[in-house]
Undergrad: 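One structure, as structure tokens, below. Some questions next.
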Amino acid sequence: MNNAMPLIHALTILLVFQLMGEISVLYFSLPIPGPVLGMLMLFLTLLLRNRVHDSLESTASGLLEHLSLLFIPAGVGIMVHFDRIESEWFAIAMALIVSTVITFIGSAGIMVLMERVMVKPDDKGQQPDG
């Protein structure tokens, strides 16, 4: 098989799940971004399959290695709209602070919930070995 085929196969899988997310968001009028829903669908699929194909894992790792390049357009957008950001800085700052606090609270809640689910009743009160 050609060296590019696993890459093309994995990128096709990623794009198909993104497309499924976009279509679902449009069809059901959901208030979340399509790529986020597609990523959730991919995650659930991988959980059900209980494995990740090698080509998908290597392609995803390669994309994550170059993730910083995806922030360049955002940086350019900030520079282009700097005057608007300057005039609306307080609302932007409040949105960032409130969303960060909500994320912290949500993450802590999920951590506590998962700890309760994952710790067996006979494990409670015992110190880990080490």
Side-chain angles (χ1 to χ4, degrees):
M1 184 173 4
N2 189 338
N3 286 342
M5 290 306 290
L7 174 70
I8 293 170
H9 179 258
L11 286 174
T12 302
I13 291 171
L14 293 173
L15 291 173
V16 164
F17 274 95
Q18 180 177 352
L19 179 64
M20 289 181 354
E22 293 283 0
I23 290 170
S24 299
V25 165
L26 289 173
Y27 185 76
F28 295 111
S29 299
L30 300 173
I32 61 172
V36 172
L37 183 60
M39 185 172 53
L40 180 63
M41 290 175 175
L42 176 61
F43 176 70
L44 293 174
T45 301
L46 294 174
L47 277 179
L48 290 173
R49 291 189 64 193
N50 202 23
R51 71 180 192 89
V52 177
H53 195 275
D54 292 338
S55 65
L56 186 60
E57 185 175 353
S58 64
T59 301
S61 296
L63 287 171
L64 288 174
E65 286 177 14
H66 303 292
L67 185 64
S68 61
L69 293 175
L70 299 176
F71 289 102
I72 292 172
V76 170
I78 288 173
M79 297 310 294
V80 169
H81 298 288
F82 192 75
D83 53 336
R84 183 171 184 185
I85 293 171
E86 184 179 35
S87 67
E88 299 179 21
W89 70 270
F90 185 75
I92 294 170
M94 287 296 102
L96 288 171
I97 290 169
V98 169
S99 64
T100 300
V101 169
I102 290 171
T103 301
F104 284 161
I105 292 169
S107 298
I110 291 171
M111 185 188 73
V112 168
L113 177 68
M114 291 308 296
E115 185 178 59
R116 288 182 184 161
V117 169
M118 300 298 285
V119 174
K120 297 178 185 119
D122 58 337
D123 290 346
K124 289 184 179 176
Q126 294 181 0
Q127 294 294 326
D129 294 333

Undergrad: Identify whether M5 and L11 are in the same connected component of the hydrophobic contact network (ILVMFWY, side-chain heavy atoms under 4.5 Å).
TA: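 M5 does not cluster with L11.
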Undergrad: Are more than 12 heavy atoms from other residues, nucleotides or ligands located less than 6.0 Å from atom CE of M79?
TA: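 Atom CE in M79 is not packed in, count stays at 12 or less.
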Undergrad: Test of understanding: clusters of I, L, V, M, F, W, Y form through side-chain heavy atoms closer than 4.5 Å, transitively. Do F17 and L47 belong to the same one?
TA: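 Yes: a chain of side-chain contacts under 4.5 Å links F17 to L47.
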Undergrad: Give me the atom names and distance for the closest heavy-atom approach of V25 to L37.
TA: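 Closest heavy-atom pair between V25 and L37: CG2-CD2, 3.9 Å.
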Undergrad: Distance from T59 atom OG1 to L64 atom CG, nearest 0.5 Å?
TA: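 Here the interatomic distance stands at 11.0 Å.
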Undergrad: Is L40 reachable from L63 through a run of I, L, V, M, F, W or Y residues, each pair having side-chain heavy atoms under 4.5 Å apart?
TA: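 Yes, one cluster joins them.
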Undergrad: Roughly how far apart are L44 CG and M39 CE, rounded to 0.5 Å?
TA: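 Answer for the CG-CE pair, L44 versus M39, is 11.0 Å.
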Undergrad: What distance separates Q18 CD from M41 CE, expressed to the nearest 0.5 Å?
TA: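 Spacing of CD (Q18) from CE (M41) equals 12.0 Å.
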Undergrad: If Ile, Leu, Val, Met, Phe, Trp and Tyr residues are connected whenever their side-chain heavy atoms lie under 4.5 Å apart, and connections chain through other members, are L96 and I85 in the same group?
TA: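 Shared cluster, yes.
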Undergrad: Can you name the residues that form a side chain to side chain contact (heavy atoms under 4.5 Å, CB included) with F28, not counting sequence neighbours?
TA: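 So F28 forms a side chain to side chain contact (heavy atoms under 4.5 Å, CB included) with S24, L30.
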Undergrad: Locate the shortest heavy-atom distance separating S55 from H9; write the atom from each residue and the value.
TA: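 Nearest heavy atoms, S55 then H9: OG-ND1, 3.5 Å.
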Undergrad: With L46, which residues qualify under side chain to side chain contact (heavy atoms under 4.5 Å, CB included), at least two apart?
TA: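 L46 satisfies side chain to side chain contact (heavy atoms under 4.5 Å, CB included) with L42, V52, L56 once adjacent residues are dropped.
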Undergrad: Does S87 reach the main-chain N or O of R84 with its side chain, forming a donor-acceptor pair under 3.5 Å?
TA: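 Yes; at least one donor-acceptor contact below 3.5 Å.
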Undergrad: Looking at side-chain heavy atoms only, is the closest gap between V16 and M20 below 4.5 Å?
TA: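 Counting from C-beta outward, V16 and M20 do come under 4.5 Å.
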Undergrad: Which heavy atom of V80 sits nearest to which heavy atom of D83, and what is that distance?
TA: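 In this case the closest contact between V80 and D83 is O-OD1, 4.1 Å.
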Undergrad: Starting at CG of L7, measure out to OG1 of T12 and round the result to the nearest 0.5 Å.
TA: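 Nearest 0.5 Å value for the CG-OG1 distance: 9.0 Å.
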Undergrad: Can you list everything that forms a side chain to side chain contact (heavy atoms under 4.5 Å, CB included) with L69? Sequence neighbours excluded, please.
TA: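 Applying side chain to side chain contact (heavy atoms under 4.5 Å, CB included) to L69 gives H66, I72.
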Undergrad: Rounded to the nearest 0.5 Å, how far apart are CE of M94 and CH2 of W89?
TA: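 If we round to the nearest 0.5 Å, M94:CE and W89:CH2 are 7.5 Å apart.
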Undergrad: F43 and L14: same hydrophobic cluster, using ILVMFWY side-chain contacts below 4.5 Å?
TA: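 Yes, F43 and L14 fall within the same hydrophobic cluster.
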Undergrad: Could you tell me the separation between the CD1 atom of I13 and the OG1 atom of T45, rounded to the nearest 0.5 Å?
TA: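 The OG1 atom of T45 is 10.0 Å from CD1 of I13, to the nearest 0.5 Å.
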